[in-house]
Amino acid sequence: MSDPVLFEDTFTITAINPLKYDRVSRLTCTSSDNYTTFTLDVNTEIYPCAVGESISLAIASTLSLDGKDSVDWRQVGTGEQSLADDYDYVCHGKVYRFEEGSTSGNMAVFISFGGLLLYLEGPYKKTAPLRIDYVYLLLKK
């Protein structure tokens, strides 16, 4: 068995930009240690957020609790236990770009969840496991 969670941290929402879309806002968040930041487009109609709130972000390779690819995101809620059961907001997406971060030793990861984008920047050691094609984003307050 392997751990399906590739990245996990707790963040504080520092800004919310409602952009030009009706139900989507761009969250800007900073980790408690101030080393990791992310910007994420979220459907705020189904997952409302406020500046100052604390949220937990996890990125996983699969929703299966044992790390196998046995749980498909389309089957979540059909009786089988999954990682998604512990979170409020779950998306499936594609990692499409990596680049050097804005500070030395940091790496930036770009992920698209059907057009909703995530830009995650943090220490290379924490972000290196994200060098795979498809991931699940999991959020909870």
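Listed here is the closest heavy atom pair of L83 and A60: CD2-CB, 3.6 Å. Nearest heavy atoms, G115 versus S112: N-OG, 3.3 Å. The minimum heavy-atom distance linking P18 with S25 is given by the pair CA-OG, 3.6 Å. Considering every non-hydrogen atom in both G93 and I111, the closest pair reads C-CG2, 4.3 Å.
For residues 101-117, the set of pairs meeting the salt bridge (Lys or Arg N to Asp or Glu O under 4.0 Å) definition, not counting sequence neighbours, is empty. Every pair tested for salt bridge (Lys or Arg N to Asp or Glu O under 4.0 Å) that includes a residue from residues 103-119 fails, sequence neighbours excluded, so the list is empty. Evaluation of the salt bridge (Lys or Arg N to Asp or Glu O under 4.0 Å) test over residues 50-59, restricted to residues two or more places apart or in two chains, returns E53-K141.
Linking Ile, Leu, Val, Met, Phe, Trp and Tyr whenever their side-chain heavy atoms come within less than 4.5 Å puts V24 and I16 in one cluster. Linking ILVMFWY side-chain heavy atoms closer than 4.5 Å, directly or via other members, places L116 and V135 in a single hydrophobic cluster. In the hydrophobic clustering of ILVMFWY residues, with side-chain heavy atoms under 4.5 Å counting as a link, Y89 and V51 come out together.
In terms of the side-chain hydrogen bond (donor to acceptor under 3.5 Å, both in side chains) criterion, residue partners of D33 (sequence neighbours excluded) are, by chain and number, S31. Judged as a side-chain contact (heavy atoms from CB on, under 4.5 Å), and not counting sequence neighbours, the contacts of T28 are T14, A15, T39. By the ring pair (Phe, Tyr, Trp, His ring centres under 6.0 Å) test, F113 pairs with no residue at all, sequence neighbours left out. With sequence neighbours excluded, no residue forms a ring pair (Phe, Tyr, Trp, His ring centres under 6.0 Å) with Y21. Among residues two or more places apart in sequence or in another chain, the ring pair (Phe, Tyr, Trp, His ring centres under 6.0 Å) test is passed with Y124 by none.
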Report task. Mind running side-chain contact (heavy atoms from CB on, under 4.5 Å) on L138 and L63 for me, showing each step along the way? Result -> CA-CA 10 Å; L138 304 114; L63 293 177; 4.0 Å; yes
Requested in this report: Verify side-chain contact (heavy atoms from CB on, under 4.5 Å) between L120 and L130, making sure each step is shown before the conclusion.
Outcome: CA-CA 10 Å; L120 174 70; L130 300 176; 3.6 Å; yes
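The hydrophobic side chain of Y35 is isolated, with no ILVMFWY side chain under 4.5 Å apart from it.
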Which pairs would a plain distance check flag for residues 96-107, meaning a side-chain donor or acceptor within less than 3.5 Å of a matching protein atom at least two apart in sequence or in another chain?
| from | atom 1 | to | atom 2 | distance (Å) |
| --- | --- | --- | --- | --- |
| S102 | OG | E121 | OE2 | 2.8 |
| T103 | OG1 | N106 | ND2 | 2.9 |

Return a table of donor-acceptor pairs under 3.5 angstrom between the side chains of residues 40-50 and protein atoms on other chains or two or more places apart.
| from | atom 1 | to | atom 2 | distance (Å) |
| --- | --- | --- | --- | --- |
| D41 | OD1 | R26 | NE | 2.6 |
| D41 | OD1 | R26 | NH2 | 3.1 |
| D41 | OD2 | R26 | NH2 | 3.1 |
| D41 | OD2 | L117 | N | 3.2 |
| N43 | OD1 | E45 | N | 3.0 |
| N43 | OD1 | I46 | N | 3.4 |
| T44 | OG1 | R23 | O | 3.4 |

Please table the atom pairs, donor to acceptor, closer than 3.5 Å between any side-chain atom in residues 4-13 and protein atoms at least two apart or in another chain.
| from | atom 1 | to | atom 2 | distance (Å) |
| --- | --- | --- | --- | --- |
| E8 | OE2 | Y87 | OH | 3.2 |
| D9 | OD2 | K126 | NZ | 2.7 |

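Atom OG of residue S61 and atom OH of residue Y134 lie 14.5 Å apart, to the nearest 0.5 angstrom. Annotation: the span from T62 atom OG1 to I132 atom CD1 amounts to 9.5 Å, rounded to 0.5 Å.
Residues F38 and L57 have side chains in contact (heavy-atom distance under 4.5 Å, counting atoms from C-beta outward).
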